[in-house]
Protein chains: 2
Amino acid sequence: MTDEPATERPKPYHHGNLVDELLRVTVEIIEEKGVDQLSMREVARRAGVSPGAPFQHFASKSALLTAVAEQAMQRLVDAVSEAQDEVATEAPLRRLEAIGQGYLRWALANPTHFEVISSRKLIDFASSLTLQAQNDAIRHSMVELLTLAKANGNLPSERDIQELVLACRAYVYGLARMVVDDHFREWQITGEAETVVLRSLNGFITSLSRTG
Amino acid sequence: MTDEPATERPKPYHHGNLVDELLRVTVEIIEEKGVDQLSMREVARRAGVSPGAPFQHFASKSALLTAVAEQAMQRLVDAVSEAQDEVATEAPLRRLEAIGQGYLRWALANPTHFEVISSRKLIDFASSLTLQAQNDAIRHSMVELLTLAKANGNLPSERDIQELVLACRAYVYGLARMVVDDHFREWQITGEAETVVLRSLNGFITSLSRTG
DNA sequence: TGCCGAATCTAAGCATTGATTAGATGGAGC
DNA sequence: GCTCCATCTAATCAATGCTTAGATTCGGCA
């Protein structure tokens with residue numbers, strides 16, 4: 001029934017699967033020209049649909065971006081989780097480092113997606129339980145590993161877990177953000193950023209474990 | 001000559017000092033509703049001038065924001081510099097911490113200004129020698145202090161200065177950004193953020209000085 | 001003092017955007 | 001085969017960044 005001449009498909013009135021197509025096209029544009037260059041109307045245009053159509057499925061631009069953020073965040077969570085699994089048998093602090101590595105590699109490989117996720121003025125983080133759960137998931141594994149490390153006596157005893165979690169988050173987030181915010185023009189030769197950033201992370205983790 | 005009836009000043013055709021007024025008004029709006037809510041036209045409106053007038057002095061919106069950023073950055077540099085001067089007689093690492101404290105306090109007290117400064121997609125950082133010089137100034141004092149600390153034997157010898165500078169920048173920037181990006185809804189009771197963030201900074205500086 | 005050129009501003013307009021609404025269209029279920 | 005409802009179009013609104021032509025005013029020079 002859906003006979004479509006390969007050229008000039010007759011453009012059915014009902015798209016059939018607009019939501020997915022809108023998300024796909026949004027990601028396409030974001031990767032092409034950055035988040036701030038994204039417009040609802042171009043999304044509609046590329047999806048081959050009228051300017052008002054997307055608003056049937058997403059109440060606002062930030063609702064669209066929130067949906068994109070949820071997908072992206074899931075990929076981040078997966079990347080982090082995989083990175084940790086690869087060293088599942090090693091010491092807690094090594095696994096903690098792997099989390100950071102996964103996070104940083106993903107952020108450097110997907111800078112615009114990382115921007116969508118982290119800048120909570122573009123998206124509606126507060127109203128997305130999904131995003132909050134995904135965010136907590138990462139934090140939770142950090143707590144676990146740090147607790148383990150402390151129990152093993154690999155951490156200075158005077159620092160509590162919450163404090164250390166914050167430290168790790170801040171450090172990794174800081175590195176990622178500095179790259180994304182373009183604070184590294186200094187040594188921004190392709191690929192070098194990752195090397196520098198990962199070495200920096202390693203130094204940080206090492207300094208954590210120095211027993212005072 | 002400039003007789004102005006206190007009520008209904010006759011609104012001279014030539015503003016006299018539009019540039020300063022535009023900057024003032026821009027800051028006003030930014031502090032009131034955030035950077036992303038800033039529009040050239042409202043700037044013009046508040047300055048009591050036609051929508052096209054601002055473009056005589058600032059070629060684009062990002063040029064306006066760049067000018068604002070230069071002013072803000074100068075205040076950041078001053079704040080950091082003062083914070084350091086207050087502990088000028090103390091140990092290098094203590095002075096380094098003071099830089100971080102000055103930076104963080106300023107960022108927390110001026111979140112939207114910090115956003116303008118750091119997000120280099122809003123401003124035209126590359127074309128502002130002023131901004132680059134201001135940025136380098138802070139980095140330079142960090143290099144100095146770390147060099148001093150290393151000479152004093154207060155740092156693990158296997159880590160080089162550039163690596164440590166990056167670590168400090170990332171940590172402080174990460175903390176500041178997380179607050180500004182609203183990643184701290186968890187304990188965002190007013191004032192508490194500063195306490196937590198400064199304690200975290202202290203922990204970081206301390207961990208730097210642990211000799212391995 | 002009077003005039004001219006340059007700096008400054010207005011007015012009008014262009015293309016674009018996010019968002020809303022009334023109504024056309026077509027698929028799903030009875 | 002018919003009806004209902006989700007889906008989409010078309011038209012519209014107010015707002016935005018930015019440009020341009022022309023009006024206004026100021027400073028300097030005669």
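Chain identifiers are assigned alphabetically (A, B, ...) following the order of the sequence lines, protein sequences preceding nucleic acid strands; residue numbering begins at 1 within each chain.
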Short side-chain N/O contact from [X] to OP1 or OP2 of [N], under 4.0 Å:
| X | N | value |
| --- | --- | --- |
| Ser39(A) | dT17(C) | yes |
| His57(B) | dA7(C) | no |
| Arg45(B) | dA15(D) | no |

Give the rounded distance in Å between these two atoms: [atom1] of [X] and [atom2] of [N].
| X | N | atom1 | atom2 | result |
| --- | --- | --- | --- | --- |
| Glu21(B) | dT8(C) | CD | P | 16 Å |
| Gln37(A) | dT16(C) | CD | P | 13 Å |
| Leu122(B) | dG17(D) | CG | P | 13 Å |
| Gln56(B) | dC18(D) | CD | P | 14 Å |
| Leu18(A) | dG27(C) | CG | C1' | 15 Å |
| Leu22(B) | dC9(C) | CG | C1' | 12 Å |
| Leu65(A) | dG18(C) | CG | P | 10 Å |
| Lys61(B) | dT19(D) | NZ | P | 15 Å |

Look at [X] together with [Y] and state whether they make a salt bridge at an N to O cut-off of under 4.0 Å.
| X | Y | answer |
| --- | --- | --- |
| Glu115(A) | Lys121(B) | yes |
| Asp181(A) | Arg177(B) | yes |
| Glu163(B) | Arg199(A) | no |
| Glu90(B) | Arg95(B) | no |

- Message: Using a 4.0 Å heavy-atom cut-off, does Leu64(A) contact any base of the nucleic acid, only the sugar-phosphate backbone, or nothing at all?
- Response: nothing
- Note on the structure: Note: for Phe55(A) and Gly52(B) on DNA chain C, the residue whose nearest nucleotide lies more 5' is Gly52(B)
- Distance-only donor-acceptor check, side chains Gln132(A) and Asp136(A), under 3.5 Å: no
- Which nucleotide in the list dC9(C), dG18(C), dT9(D) gets nearest to the side chain of Val49(B)? dC9(C)
- Query: So which one's nearest nucleotide on DNA chain D is more toward 5', Ser60(B) or Arg41(A)?
  - Reply: Arg41(A)
- 5′-ward residue of the pair Ser62(B)/Ser50(A) relative to DNA chain D: Ser50(A)
